[in-house]
Amino acid sequence: MNTTPSKTTTPSTTTPPAGTTDPAEGAADAVTEDATGHDTTGQDATAKDPLAKDATGTPSDAADATTASDDLADRTDQSAEADDADDEDLEPDPFTEARHGVGAGAAAVVSAALGVVALTGAWTGRVAAERETLIGQIKTSGGGSAAQQISEIYGDAWHTTALVNGVFAVLALLVGVFVLVRPAFGVPSERPQPAWVRAVALAGVALGALGVLISVGMYFDLFAALPTAGAPAAG
């Protein structure tokens, strides 16, 4: 009987030599292989970390959607600003339109006023008539026939009044016609001429035309002839 005690062997804890494989690492690698022998280590890592693909530098879908939304918003803002600028450019300036309307309206009122003066007479016509009357009296003061006195004192003053009124009538007619035809020959306006301006201008034209007719009839004694002196009675 061998009575020599058996030696107990302990596992070696020394580092394996270079070039050899650690049995523990080999076992871990073996676990990752499936029954067919394919290595599933890479597949498990990808399944556990779904953002691993993004980490390699490939852009994510969320980042693309955010960038597209920002670009669309910027384009929408730029389009809205461009539309606002176009609207401001197309909108007429109210101050320019107001100045244009004021000038035409003032001319129309002047035309109507001149027409009224041509029909009713002006102080200038009365002054001119009185001057002709004085001149006639001076001429006939040394003697003259009755017909000469009527012509120099009354006829000349009558004709002078008709001439002055005719001048006012012609001015009223010209100013009224100018106001009416001005839009056709001037710079085109985005807004038509106000109705009241055309109405007042037409009134000035009508009054001016009527004043011209009356003045012509007065000057040529068409409405009323000059009075004539009767023949002196025989003594």
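Each residue takes its place number in the sequence, starting with 1.
- We find the OG1-CD distance between T160 and E130 to be 11.5 Å, quoted to the nearest 0.5 Å.
- Interatomic distance, S111 OG to L171 CG, rounded to the nearest 0.5 Å: 9.5 Å.
- The salt bridge (Lys or Arg N to Asp or Glu O under 4.0 Å) pairs that include a residue from residues 160-170 number zero, where partners must be two or more places apart or lie in different chains.
- Here R131 contributes atom CZ and D156 contributes atom CG; the two are 11.0 Å apart, rounded to the nearest 0.5 Å.
- A distance of 13.5 Å separates OH in Y219 from CG in N165, rounded to the nearest 0.5 Å.
- Inter-residue side-chain proximity for F178 and L174 is flagged as unmet; no heavy-atom pair is nearer than 4.5 Å.
- Side-chain contact check for D221 versus H159: some heavy-atom pair is nearer than 4.5 Å.
- There is no path of hydrophobic side-chain contacts, each under 4.5 Å, that joins W196 to V102.
- Residue L173 comes nearest to A209 through the heavy atom pair CD1-N, 4.1 Å, listed as atom of the first residue, atom of the second, then distance.
- Atoms CG and OG1, from L207 and T120 in turn, are 10.0 Å apart once rounded to the nearest 0.5 Å.
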- Stepwise side chain to side chain contact (heavy atoms under 4.5 Å, CB included) check, L119 with F168: CA-CA 9 Å; L119 294 178; F168 280 99; over 6 Å; no

Expected list for residues 135-150: side-chain donor-acceptor pairs under 3.5 angstrom, two or more places apart:
| residue | atom | partner | partner atom | Å |
| --- | --- | --- | --- | --- |
| T140 | OG1 | G136 | O | 2.9 |
| S141 | OG | I138 | O | 2.8 |
| S145 | OG | Q148 | N | 3.3 |

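- Under the rule for a ring-ring contact (aromatic ring centres under 6.0 Å, His included), Y154 has no partner lying at least two apart in sequence or in another chain.
- Remark: L202 CG to L180 CG distance equals 5.0 Å, nearest 0.5 Å.
- The shortest distance between side-chain heavy atoms of V179 and Q193 falls below 4.5 Å.
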- Task: List the steps, then state whether side chain to side chain contact (heavy atoms under 4.5 Å, CB included) holds for T133 with E152.
- Result: CA-CA 7 Å; T133 300; E152 293 292 340; over 6 Å; no

